[in-house]
Trainee: 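The structure's right below; bear with me while I get my questions together.
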Amino acid sequence: MQSTSSTIALPVGVTLDRYIMRQQRDFPFATGELSQLLRDIALAGKIINREINKAGLIDVTGALGSNNVQGECQQKLDVIANIRFIRALKNGGEVCAIISEEDEEIIYTDNDHAKYVVAMDPLDGSSNIDVNVSIGTIFSIYRRVTPIGTRATLDDFLQGGRKQVAAGYILYGSSTMLVYTTGHGVSGFTYDHSLGEFFLSQAQINSPADGSIYSCNDGNYNEYPENIRHYLETSRRQGYTGRYIGSLVADFHRNLIKGGIYLYPPIPKAPTGKLRLLYECAPLAFIAEQAGGRATDGFRDILDIEPSELHQRTPLYIGATKMVEALLETV
Ligand code: P6P
């Protein structure tokens, strides 16, 4: 169903709450649960933002000394972010279950009558925390497929990216931004610390169809598949710019706004890619497509991948449509 023009025509400077209410009004059958869920996520984002901003002062930087289910060294803020988001979603009452990069198993909220499930990376790029580089939260929302009132199951999370009802990220950067889609375009909100509010700053983000920025870890270049090396060599000959922050949300956001492509190909130590499908690649692919871009694993659109495991990984090539299509031509 197309949203009416009132949502798109909103002036910049509208609060997130008002924007969500306007969006909800555009959909007469909306009952408010998704709106509330988006508010719950924004609240958790505000809290994490506060923790991040004082990280250097209260010793929440650095490693915790434990590893997450991925075997990756957990940073203190990783764990804090995970706890905060889980608590906000539990208390909000709109989510019956959560999966998180930080937990191996499904997290049940005991809200078995809630309609939605959430897949999240509570704090992606967290190794950058100690050096004050931008980091981000990524979230993906599905309507459950199991009966209301029962405990959620794997099936609720393995529906495939095209079944997402909403997806977004929070970028804790030079400013803190919330960017999300509910399938009717992509909107960007900037956090005003003095007021404790997210304000609409980009009503409709349309990503450039082409670009000249590529983002990849050049240190892995020699281990990339031959066609990817060929694509990068061609890009360099064309005078493209390499920009790689090592924080997916920051690299993705820059490319979304300026036009570019982010690449995480398969490499010997990550033969199916490093990034996770359900809570990193699928939500960003939803946003990319809604903004006019594209996302693939090198063979299929990310959103067409049929998931089989909660923490499964995938190669990821995401960004400007013409750049992704040029890469696919090398396959
Ligand atoms: P590498 C951070 O760990 C992350 O998941 C993304 O945010 C980032 O783009 C990528 O991994 C960096 O991985 O192997 O280049 O250090």
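Note that ligands are numbered from 1 as they come in the structure, with each ligand's atoms numbered from 1 the same way. Count residues from 1 along the sequence. Predicted, not measured: the structure shown is a model, and the values here were computed from it.
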Trainee: Report, in ascending order of atom number, the atoms of ligand 1 lying under 4.0 Å from any heavy atom of Tyr244.
Mentor: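 Listed by number with element, the hits are 1 (P), 9 (O), 10 (C), 12 (C), 13 (O), 15 (O).
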
Trainee: Output the list of atoms in ligand 1 that are nearer than 4.0 Å to some heavy atom of Leu275, sorted by atom number.
Mentor: 5 (O)

Trainee: Under 3.5 Å, is there a donor on one side chain and an acceptor on the other for Thr146 and Arg144?
Mentor: yes

Trainee: Between Asp251 and Arg243, does at least one N-O distance fall below 4.0 Å, as a salt bridge requires?
Mentor: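 Looking at Arg243 together with Asp251, the answer is no, because their closest N to O distance does not fall below 4.0 Å.
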
Trainee: Before giving the answer on side chain to side chain contact (heavy atoms under 4.5 Å, CB included), spell out for Gln312 and Ile305 the whole-Å C-alpha distance, their side-chain angles and the decisive distance to 0.1 Å.
Mentor: CA-CA 11 Å; Gln312 76 184 68; Ile305 297 175; 4.2 Å; yes

Trainee: Considering only heavy atoms of Tyr262, which atoms of ligand 1 have at least one such atom less than 4.0 Å away?
Mentor: 8 (C), 9 (O), 10 (C)

Trainee: Against heavy atoms of Asn217, which atoms of ligand 1 measure under 4.0 Å?
Mentor: 1 (P), 14 (O), 15 (O)

Trainee: Do any pairs count as a ring-ring contact (aromatic ring centres under 6.0 Å, His included) and have a residue in residues 197-230, sequence neighbours left out, and if so which ones?
Mentor: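 As it turns out, the ring-ring contact (aromatic ring centres under 6.0 Å, His included) pairs with a partner in residues 197-230, which skip direct neighbours, are Tyr191-Phe198.
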
Trainee: Check Leu248 against ligand 1 and report side chain, backbone, both or neither, counting heavy atoms closer than 4.0 Å.
Mentor: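 The part of Leu248 near ligand 1 is both the backbone and the side chain.
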
Trainee: Could you list the residues that satisfy side chain to side chain contact (heavy atoms under 4.5 Å, CB included) with Ala250, not counting sequence neighbours?
Mentor: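 In terms of side chain to side chain contact (heavy atoms under 4.5 Å, CB included), with neighbours along the sequence ignored, Ala250 is linked to Ser134, Leu171, Ile245, Ser247.
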
Trainee: Closest non-hydrogen protein atom to atom 2 (C) of ligand 1, residue and atom name please, with distance?
Mentor: Gly125 CA, 3.8 Å

Trainee: Give me the residue, atom name and distance of the protein heavy atom closest to atom 5 (O) of ligand 1.
Mentor: Asp124 OD1, 3.2 Å

Trainee: For ligand 1, which atoms sit closer than 4.0 Å to a heavy atom of Tyr264?
Mentor: 1 (P), 13 (O), 14 (O), 15 (O)

Trainee: Quick check: does Asn220 get an N/O under 3.5 Å from an N/O on ligand 1?
Mentor: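 Among all N and O atoms of Asn220, none is under 3.5 Å from an N or O of ligand 1.
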
Trainee: Sort out for me which residue in Val79, Asn82, Ile129, Ile170 forms a side chain to side chain contact (heavy atoms under 4.5 Å, CB included) with Leu123.
Mentor: Ile129

Trainee: Are there over 12 heavy-atom neighbours, none belonging to Glu226, within less than 6.0 Å of that residue's CD?
Mentor: no

Trainee: With the threshold set at under 4.0 angstrom, would you say Ser127 reaches ligand 1 through any of its heavy atoms?
Mentor: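 False for this residue.
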
Trainee: Could you check atom 11 (O) of ligand 1 against the protein and tell me its nearest heavy-atom contact, residue, atom and distance included?
Mentor: Lys274 NZ, 2.9 Å

Trainee: Is it the side chain, the backbone, both or neither of Asp251 that has a heavy atom closer than 4.0 Å to ligand 1?
Mentor: neither

Trainee: So, are Arg294 and Asp301 salt-bridged, with charged N and O less than 4.0 Å apart?
Mentor: yes

